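Beneath this line is the structure, given in structure tokens, with notes to follow.
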Amino acid sequence: KIPARENHRRVAICGEGGTGKSTQELSDPGSINPFIITPSYLLMSAMKEKFPDCGASVWARVMADDPQMWEHVEKKCNTLIVDEVSMMNLHGAQLIMQRFPHHKIVFLGDPGFQLGPVRGPGAEPEPEFNAPGLGIPELRTKGEKNYRIQCSELRHVCTTLRDFQEMGIPAALRLKWLRDTLLKREKRTGGKQIITSDKLLTEYRIIDVVISSTNENRVEINQLLDQK
């Protein structure tokens, strides 16, 4: 069930990664004709597989200078869901808002806690994504469950380090806590792995990631590997 909340035409929903923000937005009946925009084709493909009726594209196309890259988005959807905005700079978010003035736009991510914008060599720093800089409300979420982290010990470590960062505890002290925690675990377990070999085989998958030069090349590689 999707919890009720105040409706905003432009909003940033920020919180820990892996807690279902994207899934909730794409499942929300209040999101009319949703269209998700992701930083990579790999993530876009994963979302399309999970939500086949949802439109999808990547940042590079939606923010391109060529209108043919993004005009179809304007006609195809009512709600734009921009994912992983911790990696987006403020200019990119402003461009999307200016380019689609009639759409509801939901920015999703974990700014300040996950990977920030990647700059090329010699590039000047740019303001990172932040809701106040866009003049839009920010809703903070705290999921009860993390779908990416199934191990309770790892979950505790990640949550604690995140809380420390939010409290402004210096990185050196955070690293000291992490080192001490890992040493205590090593002493408790005697260095033995906790997960059994059988559980490892049944509950974990190995997924290879191939980096290709073009999207067409990516499709060709996937089709080739599907024959294995």
Side-chain angles (χ1 to χ4, degrees), residues 3 5 11-26 36-40 42-44 46-47 50 59 81-90 92-93 106-120 123 125-134 136-197 199-200 203-209 211:
R5 63 170 183 256
V11 65
I13 300 178
C14 303
E16 183 183 2
T19 54
K21 296 186 298 295
S22 304
T23 297
Q24 178 169 307
E25 288 306 311
L26 290 170
I36 190 164
I37 307 169
T38 66
S40 69
L42 184 65
L43 180 56
M44 183 197 77
M47 299 308 294
K50 192 172 183 180
W59 294 1
I81 299 170
V82 187
D83 205 8
E84 304 293 353
V85 295
S86 67
M87 294 187 282
M88 179 176 283
N89 59 39
L90 194 62
V106 182
F107 295 99
L108 301 177
D110 198 14
F113 295 93
Q114 293 196 35
L115 179 67
V118 178
R119 298 190 301 272
E126 294 186 55
E128 297 183 6
F129 177 94
N130 67 92
L134 295 172
I136 63 176
E138 177 180 320
L139 305 181
R140 303 294 302 183
T141 65
K142 192 170 181 67
E144 296 298 323
K145 180 178 180 181
N146 192 302
Y147 297 93
R148 295 178 191 166
I149 304 176
Q150 304 299 318
C151 172
S152 58
E153 284 193 73
L154 180 58
R155 171 72 164 149
H156 169 69
V157 168
C158 293
T159 301
T160 304
L161 288 173
R162 181 191 174 85
D163 291 342
F164 285 169
Q165 185 174 345
E166 199 161 14
M167 289 186 285
I169 294 176
L173 294 179
R174 300 199 302 266
L175 288 172
K176 181 181 182 302
W177 176 87
L178 178 60
R179 182 200 64 188
D180 293 344
T181 300
L182 294 177
L183 287 174
K184 288 177 183 177
R185 179 188 180 279
E186 184 80 7
K187 186 176 180 180
R188 187 180 76 249
T189 63
K192 297 178 181 178
Q193 66 178 34
I194 295 176
I195 187 169
T196 65
S197 298
K199 191 174 182 182
L200 183 67
E203 297 194 11
Y204 287 80
R205 293 183 302 153
I206 298 174
I207 301 176
D208 293 323
V209 177
I211 300 176

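These figures come from a predicted structure and were not determined experimentally. Numbering starts at 1 and runs along the sequence shown. Atom set for the values below is all heavy atoms of this structure, side chains included, hydrogens, waters and symmetry mates excluded.
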message: Salt bridge or not between Arg155 and Glu16? Use side-chain N to carboxylate O under 4.0 Å.
response: yes

task: Decide, yes or no, whether a salt bridge links Asp180 with Lys184 under the criterion of side-chain N to carboxylate O below 4.0 Å.
output: no

Grab the two heavy atoms, one from [X] and one from [Y], that are nearest each other, plus how far apart they are.
{"X": "Ala131", "Y": "Ala12", "value": "CB-CB, 4.0 Å"}
{"X": "Met88", "Y": "Val82", "value": "CE-CG1, 3.7 Å"}
{"X": "Val85", "Y": "Phe129", "value": "O-CB, 3.3 Å"}
{"X": "Gly109", "Y": "Lys21", "value": "O-CE, 3.6 Å"}

message: Working to the nearest 0.5 angstrom, can you tell me the gap between Leu178 CG and Leu173 CG?
response: 12.5 Å

message: Can you tell me how far apart CD1 (Ile81) and CG (Leu26) are? Round to the nearest 0.5 Å.
response: 4.0 Å

message: Under a 3.5 Å distance rule, please check whether Asp110 uses its side chain to pair with a backbone N or O of Phe113 as donor and acceptor.
response: no

query: Who pairs with Glu138 by salt bridge (Lys or Arg N to Asp or Glu O under 4.0 Å), at least two apart in sequence or on another chain?
result: Arg140

- prompt: Looking at residues at least two apart in the chain, or sitting in another chain, which of them share a side chain to side chain contact (heavy atoms under 4.5 Å, CB included) with Leu43?
  reply: Thr38, Pro39, Ser40, Met47, Asp83, Glu84

query: How would you list, by chain and number, every residue that makes a side-chain hydrogen bond (donor to acceptor under 3.5 Å, both in side chains) with Gln165, sequence neighbours excluded?
result: none

